[in-house]
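One structure is given here, and the rest of the page talks about it.
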Amino acid sequence: MSKPLSRRALLRLAPLERRFYQRDTTEVARALLGTLLLRELPEGLVAVRLVEVEAYLGVGDRACHTFAGRRTPRTEVMWGEAGRLYVYFTYGMHHCANVVTRDAGVPEAVLLRGAVPGFGREAVVARRHGREGRALLDGPGRLCQGLGLDRADNGADLTSRGGVWLADDGLRLPDQWVRRGPRVGVASAGEAAAWPLRFRVELDAPAAGT
DNA sequence: GACCAGATGTACT
DNA sequence: GTACATCTGGTCT
C-alpha cells in the first residue's frame, strides 16, 4: 500500500464532506472503495480501508429496507441527511453498518461489507477474538464487530471527527482492480437481486477472486 | 465448498 | 403473535 499510516497523519486527514455522500448512490459506493474508515476506541485509534461495499437504492429496490417507502423507527436514519451511519441488528446477533446517501427524503445507502486493517490492527484482532485473514473484517457483521460498531452508533455523523468517520488519504484505485457484481444475500429480492451493485477490490491481489 | 444452527429485533398480521 | 432477517462460525465432505 502507500506510506505507513500514523495516528497523527490520520487525525490530520479531512473527513469526507457531506457533498461526497449526496451524489448518486452507486457512484458513492464506487468512490468509497479504498477510503479509510476511522474509529476512536478505548484501546486507541483504528483505521481500516474499505474493500467491499454494496449500494441499496431505496424505495425502488426490493432488497433495501426502505423498499416501497417503508419508514419505521429502524429505517428513520436512512430517510435523513447524507453522511450519517445507519447501523442495524440482524439474525439475532450481528450488526451491519451503512452510509446514508442522497438528499434527505431519499432513503438510499451503501452497506459496508469488508475492509482491511490499516492502523490499530491489534485492537481489531482482539475484538475479533484473534481471527486473521479473510475472517478478520470480511463481512458486514465482522466489520462491525472488529470496529466495535453497534446500534449506539446509529445516526453518527461521518463528516466530523466524532467516534467514527471516513476520510480519503489519496489512494486511487484503477477501475481494472474493481470487481462489480450482484449483491450478497438478496436472492429473494426479485429482479433487484441481479443488479450489479456490489463493488469489491482486491488490494493485495488485484487479479484474484470476485 | 456445502450445509446448518444459532438468538433476537423488526415488521407485519 | 409470528415469520423471517443486507450473517457468522462450526462441522462435515
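Naming convention: chains lettered A, B, ... in sequence-line order (proteins, then strands); numbering from 1 in each chain. Just the heavy atoms: all of them, side chains too, but no hydrogens, waters or symmetry mates, feed the values below.
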* Under a 4.0 Å N-O cut-off, is there an ion pair linking A/Arg23 with A/Glu108? -> no
* Asked: Could A/Arg113 and A/Glu54 be called an ion pair, given the rule that one side-chain N must be under 4.0 Å from one carboxylate O?
  -> yes
* Asked: Atom OH of A/Tyr88 to atom C1' of C/dA5: distance rounded to whole Å?
  -> 9 Å
* Which parts of residues 63-77 of chain A get close to DNA chain B, meaning a heavy atom less than 4.0 angstrom away? -> A/Arg70, A/Thr72, A/Arg74
* A/Arg142 side-chain N/O to C/dG9 phosphate OP1/OP2 under 4.0 Å -> yes
* Quick one, give me the B/S/- string for nucleotides 1-7 of chain B, reading 5' to 3', where B means a protein heavy atom under 4.0 Å from the base and S means that only happens at the primed atoms, P, OP1 or OP2. => -----BB
* To do: Using whole Å, report how far CE of A/Met78 lies from C1' of B/dT10.
  => 15 Å
* **Nucleotide C/dG10, atom C1' - distance to CZ of A/Arg134 in whole Å** => 18 Å
* Find the partner of B/dA7: check Watson-Crick (N1-N3 plus N6-O4 or O6-N4) and G-U wobble (N1-O2, O6-N3) distances, both under 3.5 Å, and reply none if neither fits. => none
* Describe the nucleic acid contact of A/Arg183 in one word from base, sugar-phosphate, nothing, applying a heavy-atom distance below 4.0 Å. => nothing
* To do: Report the residue from A/Leu112, A/Val201, A/Val116, A/Val99 that forms a side-chain contact (heavy atoms from CB on, under 4.5 Å) with A/Leu50.
  => A/Leu112
* Are A/Leu41 and A/Leu166 grouped together when hydrophobic residues (ILVMFWY) are joined by side-chain heavy atoms under 4.5 angstrom apart? -> yes
* Asked: In whole angstrom, what separates A/Glu132's CD from C/dG9's C1'?
  -> 17 Å
* Asked: Whom does C/dT11 pair with, Watson-Crick or G-U wobble, provided both distances fall under 3.5 Å?
  -> B/dA2
* Shared hydrophobic cluster for A/Trp165 and A/Leu5 (ILVMFWY, side-chain gaps under 4.5 Å) -> yes
* Structure fact -> To the nearest angstrom, the CG-P distance between A/Asn154 and B/dG9 comes to 15 Å
* Asked: Atom OG1 in A/Thr101, atom CD in A/Glu81: separation rounded to 0.5 Å?
  -> 12.5 Å
* Asked: Tell me: CZ of A/Phe89 to P of C/dC7, nearest whole Å?
  -> 14 Å
* Let me know which of A/Tyr56, A/Tyr88, A/Tyr86 forms a side-chain hydrogen bond (donor to acceptor under 3.5 Å, both in side chains) with A/His65. => A/Tyr86
* To do: Check whether any side-chain nitrogen or oxygen of A/Arg131 sits under 4.0 Å from OP1 or OP2 of C/dT8, and answer yes or no.
  => no
* SB check A/Asp138 A/Arg200 (cutoff 4.0 Å) -> yes
* Asked: Starting at CG of A/Leu111 and ending at P of C/dA5, how long is that distance when rounded to a whole Å?
  -> 16 Å
* Asked: When the ring centroid of A/Phe89 is compared with that of A/His94, is the distance short of 6.0 Å?
  -> no
* Interatomic distance, A/Tyr56 OH vs C/dT6 P [rounded to whole Å] -> 8 Å
